[in-house]
J.: 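I have a structure here, written as structure tokens, and I will follow up with some questions on it.
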Amino acid sequence: GAVVSQHPSRVICKSGTSVKIECRSLDFQATTMFWYRQFPKQSLMLMATSNEGSKATYEQGVEKDKFLINHASLTLSTLTVTSAHPEDSSFYICSATGQGAGETQYFGPGTRLLVL
Amino acid sequence: SQQGEEDPQALSIQEGENATMNCSYKTSINNLQWYRQNSGRGLVHLILIRSNEREKHSGRLRVTLDTSKKSSSLLITASRAADTASYFCATDKSGTYKYIFGTGTRLKVLA
């Protein structure tokens with residue numbers, strides 16, 4: 001099946017710094033990418049939807065100035081957590097769909113963010 | 001919120017037994033998908049069932065969909081210890097490819 005990678009797999013940062021997470025589709029063109037966050041033992045909560053070449057659409061309650069999303073190419077989307085705080089510590093997962101993926105969303109392995 | 005609910009929240013069974021998980025959702029859908037997640041890892045797609053389908057099989061997995069009740073079930077037959085994971089259903093928002101996840105069922109299969 002299609003492959004989606006995320007980098008880094010885990011990151012620890014100090015409060016107040018910004019962290020960038022990359023999501024790449026390796027063998028298909030991802031016209032749409034999604035970003036989720038997941039707290040321990042909870043479900044995935046959709047944060048935003050990004051379409052290649054256009055602005056991301058954020059879900060209600062998600063601060064777009066805090067979680068900057070860029071989907072500049074058909075294989076790469078980035079999520080930047082700006083001025084991170086301990087409450088931003090979470091598991092961030094991206095998924096992608098597009099040409100060659102059909103109706104299935106393919107998920108990345110996730111990035112665990114710990115803000116000290 | 002469109003988020004689905006799954007029950008049970010947690011399920012513990014012996015190896016070889018069948019495991020059934022249920023998912024209920026709130027709005028009309030085009031598709032419903034089931035995913036599996038091992039602890040702290042990404043999601044693995046298991047099966048997609050369309051709104052005009054009632055049942056689908058894949059190996060030891062059997063998924064049913066009842067759109068009149070807005071519910072779906074995932075059956076894992078002859079479970080194995082390696083099936084231990086969290087299982088999520090996800091429903092789409094018409095025409096957007098945007099999926100909303102259910103609350104998940106944590107399955108533990110004891111060897």
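Remember, it's a predicted structure, so these values are computed and weren't measured experimentally. Order of the sequence lines fixes the chain letters, A, B, ..., with proteins taken first and strands second; residue numbering starts at 1 for each chain.
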J.: Linking I/L/V/M/F/W/Y whenever any side-chain heavy atoms sit under 4.5 Å apart, do A:Leu76 and A:Ile21 land together?
T.: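 They do not share one cluster, since no chain of ILVMFWY contacts under 4.5 Å joins A:Leu76 to A:Ile21.
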
J.: Roughly how far, to the nearest 0.5 Å, is OG1 of A:Thr32 from NZ of B:Lys98?
T.: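 The NZ atom of B:Lys98 sits 11.5 Å away from the OG1 atom of A:Thr32.
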
J.: Looking at every non-hydrogen atom in both residues, tell me the closest pair between B:Phe88 and A:Gln38 and how far apart they are.
T.: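 So the minimum-distance heavy-atom pair works out to CZ-NE2, 3.8 Å.
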
J.: Are there over 12 heavy-atom neighbours, none belonging to B:Arg54, within less than 6.0 Å of that residue's CZ?
T.: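 Count over threshold, so yes.
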
J.: Are the aromatic ring centres of B:Tyr99 and A:Phe34 under 6.0 angstrom apart?
T.: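 Ring centres of A:Phe34 and B:Tyr99 not closer than 6.0 Å.
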
J.: Using a cut-off of 6.0 Å, state whether more than 12 heavy atoms not belonging to A:His7 lie near its atom NE2.
T.: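 At most 12 heavy atoms, drawn from other residues, nucleotides or ligands, come within 6.0 Å of this atom.
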
J.: From A:Tyr106 OH over to B:His45 NE2, what is the distance, rounded to the nearest 0.5 angstrom?
T.: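 Those atoms lie 7.0 Å apart.
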
J.: Hydrophobic cluster membership, with links at side-chain heavy-atom distances under 4.5 Å among I/L/V/M/F/W/Y: are A:Leu68 and A:Met33 in one?
T.: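 Result: no, two separate clusters.
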
J.: Would you say B:Glu53 has more than 12 foreign heavy atoms packed within less than 6.0 Å of its CD?
T.: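 Yes, enclosed.
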
J.: What part of B:Leu48 gets closer than 4.5 Å to chain A, counting heavy atoms only: side chain, backbone, both or neither?
T.: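 The side chain, not the backbone.
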
J.: Side chains of B:Tyr35 and A:Gln105: closer than 4.5 Å at any heavy-atom pair?
T.: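 With C-beta onward as the side chain, the pair touches.
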
J.: Using a cut-off of under 4.5 Å for heavy-atom pairs, which of A:Lys41, A:Arg112, A:Glu59, A:Gln6 has the most such pairs with chain B?
T.: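 The candidate making the most pairs under 4.5 Å is A:Glu59.
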
J.: Less than 4.5 Å apart, any side-chain heavy atom of A:Ile93 and any of B:Gln37?
T.: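 Yes, their side chains come closer than 4.5 Å.
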
J.: Find out whether A:Leu44 and B:Ile100 are in side-chain contact, i.e. whether some heavy atom of one side chain is under 4.5 Å from a heavy atom of the other.
T.: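 No, too far: nothing below the 4.5 Å cut-off.
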
J.: Check whether A:Phe91 and A:Val115 end up in the same hydrophobic cluster, where Ile, Leu, Val, Met, Phe, Trp and Tyr are linked by side-chain heavy atoms less than 4.5 Å apart.
T.: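 In one cluster: no.
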
J.: Crowded around B:Arg80 CZ? As in, over 12 foreign heavy atoms under 6.0 Å?
T.: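 Open: at most 12 neighbouring heavy atoms sit under 6.0 Å from CZ of B:Arg80.
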
J.: For B:Gly102, does its backbone N or O pair with a side-chain atom of A:Ser43 as donor and acceptor, under 3.5 Å?
T.: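 It does hold such a pair.
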
